[in-house]
Amino acid sequence: MKYQYKKIEKKWQKKWEDAQIFKASDDFTKKKFYGLVEFPYPSGAGMHVGHIKAYTGLEVVSRKRRMQGYNVLFPIGFDAFGLPAENYAIKTKTHPRVITDQNIHHFSEQLKSVGYSFDWSRVVDTTDEDFYRWTQWIFLKMFEHGLVFRDKALVNYCPSCKVVLSNEDSQGGKCDICHSDVIQKSKDVWYLRITQYADKLLEGLETVDYPPNIKLQQQNWIGRSTGAFVDFAIDGIDEKLEIYTTRPDTLFGVTFMVIAPEHPLIDKYADKIGNLDEIKAYRAECAKKSEFERTQLVKDKTGVKIDGLTAVNPVNGVKIPIFIADYVMMGYGTGAIMAVPAHDQRDFEFATKFGIDIIEVIKGGDITKEAYTGDGEMINSGYLNGYTNKKDSIARMIRELEARGIGRAGVQYKMKDWAFNRQRYWGEPIPIIHCPKCGMVPVPYEELPLKLPEVENFEPGTDGESPLAKLDYFVHCTCPKCGGAAKRETDTMPQWAGSSWYFLRYIDPHNTEALADRKKMEYWMPVDWYNGGMEHVTRHMIYSRFWHRFLYDIGVVNTPEPYAKRSAQGLVLGPDGDKMSKSKGNVVDPLDIVDDYGADTLRTYVMFMGDYGAAAPWNDNSVKGCKRFLERVAGLTDLMTKDATPELETKLHKTIKKVSSDIEDMKFNTAIASMMALLNDIYDNGKISEEYLATYLKLLCPFAPHLCEEMWESMGREGFISLAEWPEYDEAKTVDQTVEIGVQVNGKLRGTVAVPTGCDKETAFETAKANEKVVPFLEGKTLVKEIYVPNKIVNFVVR
RNA sequence: GCGGGUAUGGUGGAAUAGGCAGACACAAGAGACUUAAAAUCUCUCGGGGGCGACCCCGUGCCGGUUCAAGUCCGGCUACCCGCACCA
């Protein structure tokens, strides 16, 4: 058969769609497989080859599972709220709804042209009112359960445009639009109390099947640390300064304290501070610093000593100075630290610069040069002297602190509460009403969805407000509680909202009573296998695990964890080995490949290009190689015979075994390599039986389904090969009669011999010793040891 | 700085569990077919040496364990990706 991809791909895509063969059924008696890929943001640029690699992996797994008789749910949708559509709307004066619909349509056509076996009857769109109704519903449930609060946050703000900017739009501390300096502005924003779920999110990791590096990344992101809170008295004032430390056992080495520039202590005791002007100036300087300067520029420690406030070390009564410095953050711990310069490098640098005492309390380092953070014997530390084990000394100190009521064991997380807001139009409106009498009042559930109002102008509002704030008819409303005049919240939700629960909606996408039917969730959840990019392993996955765990706790969903298994594909790099980017001009458009080589070639190539989890550069020549492979597969119809071809039996069974397990292990490259090797063997053999060819095509079908369907049909087979039964192998038929084993003398390979598979060692040694290439190396030597690894190797150790 | 990952021919990459390094492709070279080119088919293809059967070296670097190391252990180097003054 000649390989005419243009003709056959359109033909089979239409047949699949007409027959709806990839529709998941809600037949709860069947074994199920829920395969999930990260739904795309439907950008105007269309699909990227990265999407192809991400989707084809689970596509292959899903197709195989379907052939194995599973009821497969392999859905797709669109994460369509977000800035690009909004910016484009501003530029072209078109409604983002229109743009989004166009992009979704375009994207869908592109996805269909690759032949994915998605269930198109379950498409979700996060910007659809029927979808975001439930996003708002979950938000209100969280509000009800005290997980939503408002607090101040520093936001990127452009004073010239009077607009809040995202990190992306304020890179390098300059406004992307007018290029003036971006400042940090304090603003009241919405937060979700994700830190309350930190321990549950950590515990949940023990029950799921994620690769160890992904688990570790999530653990580090949550960043649990144990230590102690300690109260330091302030001399002459009835006030405690509370700090957090992971090393309470170093308390005797404390020589000063540092508080964050924003710490409330300053304002509270402003009248006691002698150098208030200097401190205020330092504070202002810190506020001006952008995120970029704070984190990217390695710099000297700066700070100012607070005159008039002195702290007292609670363990020895020593009076110590208090500084403010920007190396201490308000957002972690209590915003204040006890400084132990002998054993913390940052404190050491600060003490050196400001000429503060350095007291050694742990032996083992040279504290005149740098801080010593290792283990060692405790000294200069009263009752802790002589301790050599960190764990013991910390435990003892915590006991002392608790007995005296000046400290307690504590836990801290690096993870911060989730700032949950955007001052933009194209997002889910936050369904809260501000009533002057009742405070924050939720929009009643029956009024959901709280729809985005129609507006003409999507430009952000002034002074950091959302565009919605300009709409009087939207803002002014009555309080659902007291009926008085009230104002609506005008912030919208961030991008991450819809993607935090979208996988639940696929289960029951048209339900009007609930986010999904309970019975259906009990059948389909959890997601059996979730594939996506490494970049979403922390934020998106942690956010969605948090939402899901919350929904579990309030009885809405049936599993504590949403994803039973997670995998991640590696990046597709440009042909030059660099990350693909428009500015570098190394972007490959997958649709060009579909046009020039066909969807089957594209699919096969992205699966063949290398280790699925690793980054790999694009190679046009290698694409051609995959096309050549498929052409040779098409040519097999000319080698097909009615006769049996037993000479291919072992090779075929080996290949079934290899392809079956490789797909499960996501070793797609070696699965394809083994099919190529078998193809070479078939050509060498000159013929293949009809039966064996049918089996071969079934193995290839998940990768190149259009070609396999066409050949299946031309062979006169019934139905779709996509629904045919996945081949089984016979273990006994995967072993050869004889096997070539290596013969080593003193560990060096000297020859190979053929022996019966699994033969005993006497036979192996005898055969090996008789080998003419081995003989010269044994002659005149004393045989010290003989090693035999069945079916692998013989090694003679001689002297 | 902290955490994670990677390193194998000219290239992408193979190598259950410590057991014949380089599967499968790509590129390159030679040949066949062709008026010619493309396509296709056949052969060569890690480096060095030898007329030759063959021999020596070789998985980022240094050392170790072992009959045997790409694989295990100790110590480096380079690059990539997260997080980043986390007390």
Side-chain angles (χ1 to χ4, degrees), chain A residues 211-214 216-217 219-221 223-225 227 243-248 250 257-258 260 291 294-296 298-299 301 325-329 331-340 343-347 349-350 412-416 534-535 537-539 570-571 573 577 579 605 608-611 613-626 628-629 631-632 635 658 661 665 667 669-680 683 740-753 772-773 776 784-798:
Chain A
N213 62 324
I214 292 182
L216 205 69
Q217 261 197 47
Q219 282 164 3
N220 289 342
W221 179 270
R224 186 180 203 269
S225 84
I243 60 96
Y244 174 74
T245 178
T246 54
R247 295 301 303 267
T250 60
M257 298 184 79
V258 185
E291 187 91 353
R294 274 197 191 172
T295 60
Q296 299 300 314
V298 189
K299 48 162 180 60
K301 292 278 177 289
D326 69 350
Y327 82 93
V328 172
M329 309 283 142
Y332 186 81
T334 60
I337 62 160
M338 61 177 221
V340 186
H343 305 290
D344 181 288
Q345 190 55 29
R346 292 156 307 173
D347 297 346
E349 284 166 22
F350 194 88
Q412 279 294 304
Y413 302 93
K414 285 186 192 173
M415 185 170 68
K416 293 173 186 140
M534 272 317 277
E535 69 276 20
V537 153
T538 46
R539 266 116 102 80
L571 236 49
L573 305 173
K579 210 166 163 172
Y605 172 66
F608 183 63
M609 56 196 303
D611 180 348
W618 186 267
N619 183 323
D620 279 317
N621 281 319
S622 201
V623 177
K624 285 179 201 156
C626 290
R628 202 173 298 157
F629 164 60
E631 281 166 349
R632 272 160 55 88
K658 175 109 181 109
S661 64
D665 297 339
K667 291 163 79 175
N669 54 336
T670 51
I672 293 170
S674 70
M675 287 188 278
M676 287 174 167
L678 177 57
L679 183 70
N680 291 341
Y683 270 91
E740 285 246 309
I741 63 170
V743 183
Q744 297 183 336
V745 179
N746 288 346
K748 271 191 194 292
L749 186 74
R750 296 303 179 185
T752 58
V753 292
E772 49 172 11
K773 285 182 182 161
V784 181
K785 203 172 173 182
E786 298 172 312
I787 291 130
Y788 172 52
V789 182
N791 305 327
K792 295 282 182 194
I793 210 156
V794 164
N795 190 11
F796 297 116
V797 185
V798 299

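Just so you know, these numbers use all the heavy atoms, side chains as well, and skip hydrogens, waters and symmetry mates.
Side-chain N/O atoms of Asn669(A) include one lying less than 4.0 angstrom from OP1 or OP2 on rA14(B). For rC86(B), neither phosphate oxygen OP1 nor OP2 lies less than 4.0 angstrom from any side-chain nitrogen or oxygen of Asn220(A). One finds a side-chain N or O of Lys773(A) lying less than 4.0 angstrom from the OP1 or OP2 phosphate oxygen of rC54(B). Between Arg628(A) and rC26(B), a side-chain N or O to OP1/OP2 separation shorter than 4.0 Å is present. Distances shown here put a side-chain N or O of Tyr332(A) below 4.0 Å from the OP1 or OP2 atom of rA87(B). For rC2(B), the OP1/OP2 oxygens have no side-chain nitrogen or oxygen of Arg346(A) closer than 4.0 Å. In this model, the phosphate group of rG5(B) is not approached by any side-chain N or O of Asn213(A) to a distance below 4.0 Å at OP1 or OP2.
To the nearest whole angstrom, the two C1' atoms, one in rC72(B) and one in rC79(B), are 24 Å apart. The gap from the C1' atom of rU34(B) to that of rA39(B) amounts to 11 Å, rounded to the nearest Å. Comparing rC45(B) with rA7(B), their C1' atoms are spaced 24 Å from each other, to the whole Å. Between the C1' atoms of rG74(B) and rC26(B), the separation comes to 39 Å (whole Å). rA38(B) and rG29(B) are spaced 11 Å apart, taking the P atom of each and rounding to whole Å. Going from the P atom of rC67(B) to that of rC61(B) covers 25 Å, rounded to whole Å. Annotation: rC41(B) and rC24(B) have their P atoms spaced 15 Å apart (nearest Å). Across the P atoms, rC76(B) and rG1(B) are found 14 Å apart, a figure rounded to whole Å.
Distance from the side chain of Thr752(A) is smallest for rC20(B) among the nucleotides rC20(B), rG3(B), rG19(B). The side chain of Ala673(A) sits closest to rA23(B) out of rA23(B), rG82(B), rA27(B). For Pro617(A), counting side-chain heavy atoms from C-beta on, the closest listed nucleotide (rC26(B), rG13(B), rG19(B)) is rG13(B). Of the candidate nucleotides rC26(B), rC86(B), rC41(B), rC41(B) has the atom nearest to the side chain of Arg632(A). Closest to the side chain of Lys792(A), from the set rA25(B), rG19(B), rC83(B), is rG19(B). Listed nucleotides: rA14(B), rG19(B), rA87(B). Nearest to the side chain of Asp611(A): rA14(B). Side-chain atoms of Lys416(A) lie closest to rC86(B) of the nucleotides rG4(B), rC86(B), rA87(B). Closest to the Asn795(A) side chain, of the nucleotides rG19(B), rG12(B), rA87(B), is rG19(B). Listed candidates were rA14(B), rC67(B), rA87(B). Nearest to the side chain of Ile787(A) is rC67(B). Taking only side-chain atoms of Ala616(A), from C-beta outward, the nucleotide of rA87(B), rG13(B), rA14(B) with the closest atom is rG13(B).
Residue Phe608(A) is in base contact, counting any heavy-atom pair closer than 4.0 Å across all strands shown. Heavy atoms of Ala615(A) sit under 4.0 angstrom from primed sugar atoms or phosphate atoms, though from no base atom. Looking at heavy-atom distances under 4.0 Å, Val784(A) makes no contact with the nucleic acid at all. Contact annotation for Gly223(A): no contact, since no heavy-atom pair falls under 4.0 Å across all strands. Using a 4.0 Å heavy-atom distance criterion, Lys624(A) is classed as making no nucleic acid contact. Asn680(A) comes within contact range of the sugar-phosphate backbone alone, with a heavy-atom separation under 4.0 Å but no base atom that close. Among the atoms of the strands shown, only primed sugar atoms or phosphate atoms (P, OP1, OP2) are found under 4.0 Å from some heavy atom of Lys667(A). Among the atoms of the strands shown, base atoms are found under 4.0 Å from some heavy atom of Glu740(A). Using a 4.0 Å heavy-atom criterion, one finds that Arg750(A) contacts the sugar-phosphate atoms exclusively.
The nearest whole Å value for the distance from the CG atom in Leu216(A) to the P atom in rG4(B) is 6 Å. In this structure, Ile793(A) atom CD1 and rA69(B) atom P are separated by 11 Å, rounded to whole Å.
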Quick one: do Val743(A) and Leu749(A) satisfy side chain to side chain contact (heavy atoms under 4.5 Å, CB included)? Show the steps, please.
CA-CA 6 Å; Val743(A) 183; Leu749(A) 186 74; 5.8 Å; no
State the dot-bracket string of RNA chain B. Criteria: Watson-Crick or G-U wobble, both atom distances under 3.5 angstrom; notation: ( ) intrastrand, [ ] crossing earlier pairs, | interstrand, . unpaired.
(((((((..(((......[....))).(((((.......))))).((((....))))..(((((..]....))))))))))))....
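Looking only at atom types and distance, the side chain of Ser225(A) has no donor-acceptor partner in the side chain of Tyr413(A) under 3.5 Å away. Between the side chains of Asp347(A) and Tyr327(A), at least one donor N or O sits under 3.5 Å from an acceptor N or O.
Against the 90° criterion about 0, the sugar-base torsion of rG9(B) places it in the syn range.
Taking the centre and axis of the six-membered ring of Phe350(A), the NZ or CZ atom of Lys301(A) falls outside the cone set by 45° and 6.0 Å.
Salt bridge present: Asp344(A) and Arg346(A) bring a charged side-chain N and a carboxylate O closer than 4.0 Å.
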